[in-house]
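Below, read A as the first sequence line, B as the second, and so on, with proteins coming before strands; counting in each chain starts at 1. Just the heavy atoms: all of them, side chains too, but no hydrogens, waters or symmetry mates, feed the values below.
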Number of protein chains: 2
Amino acid sequence: MKRITIDSNLSLAILGLLAQEPMSGYGLRKVFLTTAMKAWSDSPGAIYPALRRLRKDGLIEGTVQRENTLRPREVFALTRRGRAGLVASLTRPVTREDVVRRTDGLFLRFSLMSGLVGRDGMLAFLRGMEGQTEDYLKVLEAEFRRRGPGLPFSGRAALERGVEDFRATVRWVKKTRMDLAKLRTTEGE
Amino acid sequence: MKRITIDSNLSLAILGLLAQEPMSGYGLRKVFLTTAMKAWSDSPGAIYPALRRLRKDGLIEGTVQRENTLRPREVFALTRRGRAGLVASLTRPVTREDVVRRTDGLFLRFSLMSGLVGRDGMLAFLRGMEGQTEDYLKVLEAEFRRRGPGLPFSGRAALERGVEDFRATVRWVKKTRMDLAKLRTTEGE
DNA sequence: TGCAGCATGTAACCTGTTACATGATTAG
DNA sequence: CTAATCATGTAACAGGTTACATGCTGCA
């Protein structure tokens, strides 16, 4: 059986939500629409195809509610394989690319960890995230020192915000690691 | 002539860079690869098709350097239409959707403004951004107060970071507006 | 002469967007 | 009964990723 990794943030978010509670496609849409996960697509043209893909890969299975009607209602839940794939995707080592181009993917991954990944796994993830972010921050800061003074106003201001954003991420990671270390081992798992 | 608006961040970034200085496709790749614009794609499979689209729409034109060879080198520059379209795309009103789903697009837009958009245009943009961000921040904060306490550790921590991020954006906008107001009118235009 | 880096591109594929379509259920 | 909302979907399209292919140029 080949290794499973979930490619897109949307699929990851769907799997993560279904891990917490089985839901229909419409239920997922409502979550994306009404909660803080608004950053992800609530469009049926994204969700239903994604669900079909996940089912095809054996990561989820649906039980049809209202059989024999023309408009069945289908509730999806993770399979064992789906849970394993989700956990594997969440705990994958944090790369430079993750930090530079998929920052929100990183926060999404962490947000889904409780209940699926133990405290050690979360700490390892945060350590990786901290290291990669600090490395990249150094690069950005060096660039800001070198090229910043020559940049026009708006470019410099935007770059400054970018640098500050990575600094804030580092602060968040450090704080979250501390909070997590203080937690009783079982809590949040 | 129909109104031009640039759809994707990559196209916007390309137009913005070409507005500063004509460049070849490879030149653009190098910028994406070696500067703070690493968040955008440096892959030829994205850049060259985008350049062809922009040329097809009459927004840029290329002058071939090494004619008669099998491997010509082409330097692209904005057309008048391209500059107009770029300015229109940069100064488009800031929407809620921009804030929630296209935050980096907003910073990209602002970063490209100097030299193309006057101080009043920049201030209008920042005012719009501030209003929309504050509105959404209120929504997020309310959600955090309501649902935060019940969330598992990692979900709560990630949501907290999200809220803090929008707060930081508001602070940045306020500061940048002040800095901009202090600037001599001509500077940074 | 050969290799590294400059420079341009294509093809297959995947995912998401927009817009449309349609049936089922429930509150007034 | 009817309108709103629940609920599921499709089709056309746009855009990006990955992997591959190829020629040119300067230098050791």
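One interatomic measurement links the two molecules: CG of Leu54(A) to P of dG16(C), which rounds to 10 Å at whole-angstrom precision. In this structure, Glu97(B) atom CD and dG16(C) atom P are separated by 16 Å, rounded to whole Å. A straight line from CG of Leu28(A) to P of dG16(C) spans 13 Å, rounded to a whole angstrom. Atoms CG (Asn9(B)) and P (dA14(D)) sit 18 Å apart, rounded to a whole Å. Summarising the geometry, the separation between CZ on Phe76(B) and P on dA7(C) is reported as 13 Å, rounded to the nearest angstrom. Atom CZ in Arg53(B) sits about 9 Å away from atom P in dA14(D), given to the nearest Å. If you measure from atom CE of Met23(A) to atom P of dT8(D), you get 12 Å, rounded to the nearest angstrom. Following rounding to the nearest Å, Ile47(A) (CD1) and dT17(C) (P) show an atom-to-atom distance of 10 Å.
Under 4.0 angstrom from either OP1 or OP2 of dT17(D) there lies no side-chain N or O belonging to Arg102(A). Remark: Tyr48(A) is not in phosphate contact with dG9(D), judged by side-chain N or O atoms under 4.0 Å from OP1 or OP2. Proximity of Ser43(A) to the phosphate of dT18(C): no side-chain N or O atom is located under 4.0 Å from OP1 or OP2. Remark: Arg52(A) is in phosphate contact with dT10(D), judged by side-chain N or O atoms under 4.0 Å from OP1 or OP2. Regarding contacts with the backbone of dT17(C), a side-chain N or O of Arg101(B) is found under 4.0 angstrom from either OP1 or OP2. In terms of phosphate contacts, Ser8(B) brings a side-chain nitrogen or oxygen within less than 4.0 Å of OP1 or OP2 of dG16(D).
Ring orientation note: the planes of Phe153(B) and Phe110(A) are nearly perpendicular, at an angle over 60° on the 30°/60° scale.
Among the atoms of the strands shown, base atoms are found under 4.0 Å from some heavy atom of Gly45(B). Among the protein residues, Arg29(B) comes within range of the nucleic acid bases, having at least one heavy atom under 4.0 Å from a base atom. Among the protein residues, Ser24(B) comes within range of the sugar-phosphate backbone only, with heavy atoms under 4.0 Å from sugar or phosphate atoms but none that close to a base.
In this structure, of dA7(D), dT17(C), dA19(D), it is dT17(C) that holds the atom nearest to the side chain of Ser41(A). Each of dG16(C), dG9(D), dA7(C) was ranked by its minimum atom distance to the side chain of Tyr26(B); first place goes to dA7(C). Checked against dG16(C), dA19(D), dT8(D), the side chain of Ala46(A) finds its nearest nucleotide in dG16(C).
Salt bridge status for Arg171(A) with Asp165(B): absent, with no side-chain N to carboxylate O gap under 4.0 Å. Glu164(A) has a carboxylate O that lies under 4.0 Å from a charged side-chain N of Arg167(A), or vice versa, which qualifies the two as a salt bridge. Under 4.0 Å is where a charged nitrogen must lie from a carboxylate oxygen, and between Asp57(B) and Arg53(B) no such pair does.
Closest non-hydrogen pair, Leu86(B) versus Leu15(B), comes out as CD2-O, 3.7 Å.
With hydrogens and angles disregarded, a donor-acceptor distance shorter than 3.5 Å links the side chain of Arg109(A) to the backbone of Leu90(A).
Nearer the 5' end of DNA chain C, as judged by each residue's closest nucleotide, is the contact made by Lys30(B), out of Pro49(B) and Lys30(B).
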